[in-house]
Amino acid sequence: MLDRKLIRENPDFVKAGALRKGIEAPVDEFLRIDSEWRAAIHDLEQKKAESNKISKSIGQLMGQGDQAGAEAAKAQTGELKEAIKALEPRVKDLEQQLEKLELTFPNLPHESTPDGLTPDENVEVRAWGSQPTGDYKPHYDIAEELQMIDFAAGAKISGSGFVVYTGYGAKLVRALTNFMLDFQVDENHYSEVYPPALVSSESLTGTGNLPKFADDLYRADEDLWLVPTAEVPVTNLLRDEILEPWQLPVKFAAYTPCFRKEAGAAGRDTRGILRMHQFDKVELVKFVRPEESYDHLEELVTNAESILQALGLHYRVLLLCAGDMGDKGCKCYDLEVWAPGEQRYLEVSSCTNFEAFQARRTNIRFRPEPGAPPEFVHILNGSGLAVPRLMVALLETYRQADGSIAIPEPLQRYMGTDVIPVPPTA
RNA sequence: GGAGAGAUGGCAGAGUGGUCGAUUGCGACGGUCUUGAAAACCGUUAAGGUGAAAGCCUUCAGGGGUUCGAAUCCCCUUCUCUCCUCCA
């Protein structure tokens, strides 16, 4: 959601910003309804003020024992009441139209976000490590060979897009999750939370997933949906709160399973575990002062990167162009880890500054100074990181000549071993 | 799932039809005092909308109703707590 005043005062700026994302924002329609609404509510409020005044005087007259005067005043209110009753539905209707329209506006890209509409126009800002060379196996072959993933079982139980992790595979999921959570909590000072995996429509509207992107979500019940990311429950954790200045920045790290229909991606990345309907992820969410939010974005990216560095995996950082970053963001970095078996980079994290877009929808504010009127915080989030693709890179990178997997040092205590051995063939 | 109780400002907690947007306490902020701090005392302190401003409007969980007038009365919904039932 954008600031209404911004749309009123700088309609062309808003149009231009949306256009950078390839979206035509309904600015003119908004302005038309908005001015109608303002006229209507002004009218209504004047009538209410008058009516309130008379009601108050009735109370006073009765207090003075002037029954006749009170009755006379009562008679006066009839007409006003009718007028108010007639105006109210119109105001309400306009208000609802306005709110509905408002939710469809995309967030505007930051000035440092590069132009462009396609992934080709994203900008690589840095890379870490180097691409390993040699012969590499794709992860699905490795996982099968080491009996870490049962693809057929996933399909049998739930259909395509689901797998069963087995043995060291299951343990690796758990190890990566725990490692990442501990790391972000201990090294980067995030507070750990474990939120619900089912959320209400209101929560999803707050983060911007609804109403626009309902097709990506699994719906469990009339008003209960499976989370596509921990971002949704964690952002809503502070809904309707006013934070005191010393509380900022608030930093949360959370693990949840994530559920996505991937409706628009049918047929893509079907092999292996690159794109699944259920996967695990650790998410980082920050609530910060507006003037600091872009520094916090850089820090967030660094926090996410630190996991890949600790695991010794080659990756690159992309700054997404306006058209590729989606509706909600102002500026977004993607982390892409190198998967030697795939011979390509895989997105394992998306770190985004939403500025006040989500804060407006969720009504999360702070006081700049004690006693000062509240302002919206800026909200940022980033994966830290997505488990399956990280596992892909790990397996493909650390497969040794004998087929076993060398476990990077920081992960060893979580795995209870420094190597995943090749099981004896039956 | 059944029975009962409740939902009020950052928090605690009064208020059961007429200057109640709301007594009071805590917290926070400002001041007096103090070398400084604490204590004590005095004062300030909800949010949103609209308007150039003065002001006006809305909000006591949410929605509807009664009334000239609702935090207060009635109906519905949601949530919380207690007891019962059930369950990992």
Rounded distance in Å between the [atom1] positions of [N] and [M]:
{"N": "B:C41", "M": "B:U24", "atom1": "P", "result": "15 Å"}
{"N": "B:U32", "M": "B:A46", "atom1": "P", "result": "23 Å"}
{"N": "B:A28", "M": "B:G10", "atom1": "P", "result": "16 Å"}
{"N": "B:U8", "M": "B:U58", "atom1": "P", "result": "22 Å"}
{"N": "B:A61", "M": "B:G15", "atom1": "P", "result": "15 Å"}
{"N": "B:G25", "M": "B:U77", "atom1": "C1'", "result": "34 Å"}
{"N": "B:G2", "M": "B:C57", "atom1": "C1'", "result": "44 Å"}
{"N": "B:A39", "M": "B:G27", "atom1": "P", "result": "8 Å"}

If I take atom OG from residue A:S293 and atom CG from residue A:N353, how far apart are they, to the nearest 0.5 angstrom?
4.0 Å
Can you tell me how far the OG1 atom of A:T207 sits from the CZ atom of A:F213, to the nearest 0.5 Å?
10.5 Å
[X] [atom1] to [N] [atom2], straight-line distance once rounded to whole Å:
{"X": "A:H42", "N": "B:U58", "atom1": "NE2", "atom2": "P", "value": "15 Å"}
{"X": "A:E82", "N": "B:C68", "atom1": "CD", "atom2": "P", "value": "12 Å"}
{"X": "A:E375", "N": "B:A47", "atom1": "CD", "atom2": "C1'", "value": "15 Å"}
{"X": "A:E88", "N": "B:G65", "atom1": "CD", "atom2": "P", "value": "9 Å"}
{"X": "A:N363", "N": "B:G62", "atom1": "CG", "atom2": "P", "value": "13 Å"}
{"X": "A:I84", "N": "B:G65", "atom1": "CD1", "atom2": "P", "value": "14 Å"}
{"X": "A:Q247", "N": "B:G10", "atom1": "CD", "atom2": "P", "value": "13 Å"}
{"X": "A:D43", "N": "B:G51", "atom1": "CG", "atom2": "P", "value": "14 Å"}

What is the pairing partner of [N], taking Watson-Crick or G-U wobble pairs with both distances under 3.5 Å in any strand?
{"N": "B:U19", "value": "none"}
{"N": "B:U50", "value": "B:G55"}
{"N": "B:C79", "value": "B:G6"}
{"N": "B:U44", "value": "B:A28"}

Check ion pair A:E292-A:K286 (N to O, under 4.0 angstrom):
no
Salt bridge check, A:D28 against A:K15: does any charged N sit closer than 4.0 Å to a carboxylate O?
yes
Once hydrogens and angles are ignored, does a donor-acceptor distance under 3.5 Å link the base of B:G49 to the side chain of A:E45?
yes
Nearest heavy atom decides the nucleotide; on that basis, is A:S51 or A:Q46 closer to the 5' end of RNA chain B?
A:Q46
Between A:E244 and A:K48, the residue closer to the 5' end of RNA chain B by nearest nucleotide is A:E244
Nucleotide nearest [X] when distance is taken to its side chain, options [options]:
{"X": "A:N52", "options": "B:G69, B:G51, B:C57", "answer": "B:C57"}
{"X": "A:S55", "options": "B:G69, B:G49, B:G64", "answer": "B:G69"}
{"X": "A:A49", "options": "B:C68, B:U50, B:C57", "answer": "B:C57"}
{"X": "A:R367", "options": "B:A47, B:G64, B:C56", "answer": "B:A47"}
{"X": "A:R365", "options": "B:C57, B:A47, B:G18", "answer": "B:A47"}
{"X": "A:K92", "options": "B:G64, B:C68, B:G49", "answer": "B:G64"}

Relative to the ring of A:Y414, is the ring of A:F179 parallel (under 30°), tilted (30 to 60°) or perpendicular (over 60°)?
perpendicular
Within the 6.0 Å centroid threshold, strictly below: A:F105 and A:F30
yes
Within the 4.0 Å heavy-atom criterion, would you say A:I58 contacts the bases, only the backbone, or no part of the nucleic acid?
base
With a non-hydrogen cut-off below 4.0 angstrom, is A:R8 in contact with a base, only sugar-phosphate, or nothing?
sugar-phosphate
Less than 4.0 angstrom between a side-chain N/O of A:R4 and OP1 or OP2 of B:U50, yes or no?
no
Evaluate whether atom NZ of A:K100 has more than 12 neighbouring non-hydrogen atoms of other residues, nucleotides or ligands under 6.0 angstrom away.
no
